[in-house]
Each structure stands twice: as structure tokens, then as C-alpha cells.
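So the structure is just underneath, and the comments pick up after that.
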Amino acid sequence: DYNAKFLKIDEPTEEAFTKTLLKMTREKKKVIYITQGHGEREIEGQKPESISEFKSALETSYFVKPLTLFKDSNVVPEDAAVVIVMGPDQPLFPAEMSALVNYAQRGGHLLIAADPALKHNLAQLIKQFGIEFQNDFVLDPRYQDQRFGNVGAVGTVFSNESEVTKGMGNAVTLFLLASSLKPAPDAAETVKFENLVSTSDASVATEELEQNAKMKSRGPHALVMSV
């Protein structure tokens with residue numbers, strides 16, 4: 001005995017049919033929260049720095065909601081499947097960082113995207129999970145942006161173990177204004193690190209974006225890590 005449920009298929013394609021079928025058969029959509037309030041990337045609008053397309057892609061499988069922790073008693077909602085912190089340019093409040101750490105310790109999932117050279121305090125947050133945000137600029141001399149020049153890092157090495165990157169062996173991903181990540185020397189021995197996306201040895205890390213900036217280290221560099 002099935003409950004009646006009707007959804008419109010907007011396009012007569014296999015992809016549209018599959019997405020609609022998944023929506024109908026999924027018992028309950030999970031919720032992804034994206035933090036707001038500290039200069040994070042806008043989740044709506046058409047500005048180049050907005051993540052509206054990213055949000056739309058997530059909405060094929062999830063409910064996506066904004067989360068302003070300091071307005072919500074610094075508590076992550078119980079229905080949060082993932083909390084995303086996407087590129088703030090201002091520091092999070094201590095109570096907000098504690099809320100995110102507590103959420104992760106309860107088994108929650110965090111996705112943290114930090115830009116270098118901004119006045120956020122995500123390095124402190126990331127360090128609590130055993131990862132050091134180097135706050136440098138990882139650059140690939142093979143990539144040149146028409147507007148900004150050499151400001152990109154190219155990810156070419158992907159983990160074969162993670163469900164996130166499995167099967168991406170021949171792919172290439174571009175990161176603008178990326179920083180390198182490393183396991184913290186004082187991380188707990190029980191923490192298992194995995195480099196999800198790394199550069200080739202052609203990349204370099206510098207402390208600044210000046211044309212003749214001194215090289216800090218040569219690649220490969222980890223751009224995305226999980227614990």
C-alpha cells in the first residue's frame with residue numbers, strides 16, 4: 001500500500017527522470033546547513049563569488065538551509081546531516097566554534113573551506129581536528145587566469161579510498177586562491193588523515209601573491225583533507 005505522491009518531470013531526459021524517481025523513493029531528505037553571518041560566500045544571487053550553483057546542485061538530494069549560529073543559540077540543529085563553512089572573511093565567535101566542534105564530536109559532518117590571507121580564524125577551528133591550515137598560496141605555473149594571472153592551484157591527485165574522490169583518477173580540479181594543508185605535529189595518534197585532493201610536484205607554495213614572491217615549498221601539496 002503506497003501513499004500517493006506526484007512530482008513533475010520538467011525535461012524528458014533520462015537524467016531528469018532519474019532525479020525525479022530518486023526524489024519520490026527517498027523517504028526523507030537530509031538537511032545541509034551553510035553558515036552565514038561572517039562574510040561567507042552568498043548562497044543566493046548571481047555574483048561571481050556566490051555559491052548559488054553549488055547550492056542548486058546540493059538541492060537535488062538535500063534540503064539546504066542557512067545557519068546563523070549566533071542567532072540560533074549557538075546550537076547546530078539536530079537534523080543537520082552536514083554543516084558547511086564556506087569562505088568567511090571575518091572571525092567566527094568562540095561559542096560558534098565550540099558549537100561546530102561539539103557537533104563533529106557527536107558524529108556530525110563538517111565541510112570547511114578556508115581562503116588564505118583573510119581575517120578569519122578557521123585555522124584555529126581546523127587545528128582542533130588535527131589539521132594545520134598553512135595560510136599560504138599554492139600556485140601552479142601552468143595555470144594563468146585571464147583576469148588575475150597566476151592565482152590557481154590545480155588538483156591532479158585524488159584518493160582512491162574515499163567515496164568522495166573515488167573514480168576521479170584522470171580528472172583535474174581548479175582551486176583559486178588555495179592554501180596547503182598538513183597534519184598537525186601534535187595531532188592525536190588515533191586521528192586518521194586522508195589527502196583527498198593534492199597537486200602535482202609542479203606546484204609551489206608562497207607566502208604572498210607578489211610576482212617575485214619567495215617560494216616557501218615545492219609540491220605536491222594537499223588541498224583537501226579529511227579526518
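Residue numbers count from 1 along this sequence. Note that the structure is a prediction, hence the values are computed from the model and not measured.
F93 and L69 fall into different hydrophobic clusters, where Ile, Leu, Val, Met, Phe, Trp and Tyr residues are linked whenever their side-chain heavy atoms come under 4.5 Å apart, directly or through other members. Side-chain heavy atoms closer than 4.5 Å link hydrophobic residues (I, L, V, M, F, W, Y) into clusters, and following such links, possibly through other members, connects L139 to L174. Hydrophobic clustering, with ILVMFWY side chains joined whenever heavy atoms are under 4.5 angstrom apart, groups F133 together with V101. If you chain together hydrophobic residues whose side chains sit under 4.5 Å apart, I34 and V224 never meet in one group.
Listed here is the closest heavy atom pair of I51 and M86: CD1-CG, 3.9 Å. In this structure, N74 and A95 approach most closely via the heavy-atom pair ND2-CB, 3.4 Å. Between N135 and A117 the shortest heavy-atom distance is OD1-N, 2.9 Å. Nearest approach of P66 to I43, heavy atoms of both residues: CB-CD1, 4.1 Å. Residues L196 and S226 share a closest heavy-atom pair of CD2-OG, 3.8 Å. Scanning both residues, E208 and T206, for their nearest heavy atoms gives O-OG1, 2.7 Å.
Salt bridge annotation for D79-K29: absent, with no cationic side-chain nitrogen under 4.0 angstrom from a carboxylate oxygen. The pair E44-K55 meets the salt-bridge criterion, with a side-chain N (NZ, NE, NH1 or NH2) lying under 4.0 Å from an Asp/Glu carboxylate O.
Taking 4.5 Å as the limit, every side-chain heavy atom of F158 sits out of range of all side-chain heavy atoms of V172. Residues L92 and L100 meet the side-chain proximity criterion, which asks for heavy atoms closer than 4.5 Å. When side chains are defined from C-beta on, Q36 does not count as touching L67, because their heavy atoms never get closer than 4.5 Å. Side-chain contact check for E42 versus E49: every heavy-atom pair is 4.5 Å or farther apart. In this structure, the side chains of F129 and L110 come closer than 4.5 Å at one or more pairs of heavy atoms. By the 4.5 Å heavy-atom criterion applied to side chains, D115 and R41 are counted as neighbours. Residues F137 and L177 are in side-chain contact: their nearest non-hydrogen atoms beyond the backbone lie under 4.5 Å apart. The shortest distance between side-chain heavy atoms of L111 and V83 does not fall below 4.5 Å.
Of the possible polar contacts, none joining the Q128 side chain to the L125 backbone as a donor-acceptor pair under 3.5 Å is found. Side chain of T199 to main chain of G219: no donor-acceptor pair is present (N/O by atom type, distance under 3.5 Å, no hydrogens or angles). For S52 (side chain) and G45 (main-chain N/O), a donor-acceptor pair under 3.5 Å exists by modelled atom type. With hydrogens and angles disregarded, no donor-acceptor distance shorter than 3.5 Å links the side chain of S61 to the backbone of L58.
Evaluation of the side-chain hydrogen bond (donor to acceptor under 3.5 Å, both in side chains) rule for E163 yields K166 as partners, not counting sequence neighbours.
The six-membered or imidazole ring of H109 lies away from that of Y103, with a centre-to-centre distance of 6.0 Å or more. Aromatic ring centres of H221 and F175 lie farther apart than the 6.0 Å criterion allows.
Side-chain contact check for E40 and T35: at least one donor-acceptor pair (N or O, by modelled atom type) lies under 3.5 Å. Side-chain contact check for S180 and D136: at least one donor-acceptor pair (N or O, by modelled atom type) lies under 3.5 Å. Side chains of E194 and S159: a donor on one and an acceptor on the other come within 3.5 Å.
Heavy-atom neighbours of K216 NZ from other residues, nucleotides or ligands within 6.0 Å: above the threshold of 12.
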